[in-house]
Amino acid sequence: MTHTRSLGRRAARAMVVGAALSTVLICGRAFAQAAPESTDYQDPASGGFVDSLAKGAKFGTMLRFSNFMRSKPNDSGPTAEATGLGGWVFGETGEWLDMLSFGGALAYVAKLHGPDGHGGNFILKDPDQEGYATLGVAFARLRFEDHALTAGRISPQYAWNLDGIYRFYNRFDGAFIGRRDVRAMIPLSYQGASVAGKVAGDTVRYYGGWVSKMKQVNDTHFKQLAEAAFLPGDSDGMWYGGAQWKINKDLMLQGGYNRADNLLDMGWVDFDMVHRFDKDSYVRLDVQYLYEKANGSKNLGDFSMNNKAAYLEARWVPWFIPYGAFGWNSHGDELRSPFSLGPTYLVQRIGENAKAGEQTVILGSTFDFSTLGARGLAFDVSYGWRTDRHLKNNKAQPLADWNELATDLIYTLGKEFGWANGIRMRARWARVWESGDQFSGGTITNIDQQHTDIRFDLQWRVTF
């Protein structure tokens, strides 16, 4: 009971600190999307695509504040918790001969709160719970019209969506390589090279590349891919490629393939379609198929698996956007996405990728209060059921059912706030209930446990 009360006090303290910062900064903007972090770890022009290329030099900063606390099941151990203040300073040269440019981003996090023994929060550096600074991005880019080659330290973002849909952000990375920017501090970045471009009047986009090393979100060093992703063995790098085709304004086909040496191959295909009733009302259906298998020395063991999923979203009235995600995972192994959030829809605050055999149902809704006069305010709530789970290729080694309630409250203010335009506040709360038979340590026991996730973050992008 004492430990539970201390968790409550810490959560309350985090909210008070966040509210105080918000007041000091006079935050906000009319941006009523329950979206993830900004995609600007490297300047947008140096991301996966070249649609926002600009010839002039740029300089700016992303400022972030983040508080995170996640309890152990039934408070069986110390929480993972920390509070940090940081972000990154970015810059990019203009183009020499309308072709060659250079850019980079210096990322940093200052420790505000981080008790010993409460690591694993991905805000402060493990295991000492300290702040850090690192050159997360440093690249050279060679561009020819709508095609570009970027090399160095990169942080790619390949998501592309149909226009006019509300929940464009719920498949944030859009590929099996990406930023995994979910805790409001520093995204993943890689050492390597990528090519990207657009053809056919920007109805088709392509991307591809090779990366040799990765920097984890709270690390200062680029490490070989397996070590950086907390996986066993060594990996000499990863090749990847993908394409996206907007068949028309209501139909989109996309997919990609990644080969991480000695770890796994990851492939996927996705078909997204929208039926529009008028400009702002629609119903949307997305179906996808994902496949993974071991390769090389098979550091993850010998396996192959597939995942089939469907996503539904509707907007009949402006303020109410209900949605549902449904997934069926094969028995071969869990779905892995060590180098991004992945293209899957089956992600909540705590529960991410599906376990072997898992059947997943997530139902929820976003409420866009900006359409009711509360500009910049949105709330999202979802409930997920994850059942029939077990360890790789073995139904006799079950995993407990997983139920999760997840919420997001976001407020971002607009131009009427002057110099504070674009500052965004977000409060997140989630709770998980695990129950049923669980295989562990060679035995099966019946468990009944819960744990909680509380987050508050604030960000503000400023350009000069």
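Side chains are part of it too, since the values below use all heavy atoms of this structure and drop only hydrogens, waters and symmetry mates.
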Would Asp270 and Gln288 count as a side-chain hydrogen bond (donor to acceptor under 3.5 Å, both in side chains) here? Give the steps. CA-CA 4 Å; Asp270 181 283; Gln288 63 179 207; 3.0 Å; yes
Within-4.5 Å side-chain heavy-atom neighbours: Leu124 and Val109:
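The answer is yes; the side chains approach within 4.5 Å.
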Between [X] and [Y] (salt bridge meaning N to carboxylate O under 4.0 Å), is one present in this structure?
{"X": "Asp401", "Y": "Arg386", "value": "no"}
{"X": "Glu313", "Y": "Arg167", "value": "no"}
{"X": "Asp163", "Y": "Lys246", "value": "yes"}
{"X": "Asp272", "Y": "Arg284", "value": "yes"}
{"X": "Glu130", "Y": "Lys125", "value": "no"}
{"X": "Glu416", "Y": "Arg375", "value": "yes"}
{"X": "Arg180", "Y": "Glu352", "value": "yes"}
{"X": "Arg455", "Y": "Asp457", "value": "no"}

Please check if atom [atom1] in [X] has more than 12 non-hydrogen atoms from other residues, nucleotides or ligands closer than 6.0 Å.
{"X": "Lys355", "atom1": "NZ", "result": "no"}
{"X": "Asn446", "atom1": "CG", "result": "yes"}
{"X": "Lys72", "atom1": "NZ", "result": "yes"}

Ring pair (Phe, Tyr, Trp, His ring centres under 6.0 Å) assessment of His451 paired with Trp402:
CA-CA 11 Å; His451 46 112; Trp402 179 290; 5.7 Å; yes
Item to complete: Evaluate the criterion side-chain hydrogen bond (donor to acceptor under 3.5 Å, both in side chains) for residue pair Asp368 and Ser370; output intermediate values, then yes/no.
Response: CA-CA 5 Å; Asp368 180 6; Ser370 66; 2.4 Å; yes
Do Trp433 and Trp385 make the cut of ring centroids closer than 6.0 angstrom?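 Centroid distance Trp433-Trp385: not below 6.0 Å, so no.
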Is the ring pair [X]/[Y] parallel, tilted or perpendicular, if the boundaries are 30 and 60 degrees?
{"X": "Phe367", "Y": "Trp319", "answer": "parallel"}
{"X": "Tyr289", "Y": "Tyr291", "answer": "parallel"}
{"X": "Tyr207", "Y": "Tyr158", "answer": "parallel"}

On the six-membered ring of Phe303, is Arg336 placed so that its NZ or CZ lies under 6.0 angstrom from the centre and within 45° of the ring axis?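 Checked: cation-pi criterion met.
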Next on the checklist: Can you confirm if the NZ or CZ of Arg426 lies within 45° of the ring axis of Tyr411 and under 6.0 Å from the centre of its six-membered ring?
Outcome noted: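 Judged by the rule, Arg426 and Tyr411 form no cation-pi pair.
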Margin query: Apply side-chain hydrogen bond (donor to acceptor under 3.5 Å, both in side chains) to residues Asp380 and Tyr323 and explain how you reach the verdict.
Written below: CA-CA 11 Å; Asp380 185 271; Tyr323 59 86; 2.9 Å; yes
(Q) Using modelled atom types and a 3.5 Å cut-off, is there a donor and acceptor pairing between side-chain atoms of His390 and backbone atoms of Leu399? (A)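 No, the answer is negative, given that no donor and acceptor are paired below the 3.5 Å cut-off.
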Q. If only atom types and distance count, is the side chain of Asn74 paired as donor or acceptor with the main-chain N or O of Ser76 below 3.5 Å?
A.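 Checked: no pair found.
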Inset, instruction - Begin with the C-alpha distance, continue with both residues' side-chain angles, and end with the deciding distance and a verdict on side-chain hydrogen bond (donor to acceptor under 3.5 Å, both in side chains) for Ser281 and Arg315. - result: CA-CA 5 Å; Ser281 61; Arg315 191 172 193 177; over 6 Å; no
Applying the side chain to side chain donor-acceptor pair (under 3.5 Å) criterion to Glu81, which one of His113, Gln129, Arg70 satisfies it?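 Only match with Glu81 under side chain to side chain donor-acceptor pair (under 3.5 Å): His113.
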Under 3.5 Å side-chain donor-acceptor pair for Thr387 and Glu358:
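Short answer, no.
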Item checked: Nearest heavy atoms of Ile350 and Val432, plus distance in Å ->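 Of all heavy-atom pairs spanning Ile350 and Val432, the closest is CD1-CG2, 3.7 Å.
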Just do the salt bridge (Lys or Arg N to Asp or Glu O under 4.0 Å) check on Asp250 and Arg276 with the steps written out, would you?
-> CA-CA 8 Å; Asp250 297 326; Arg276 304 179 194 272; 2.4 Å; yes
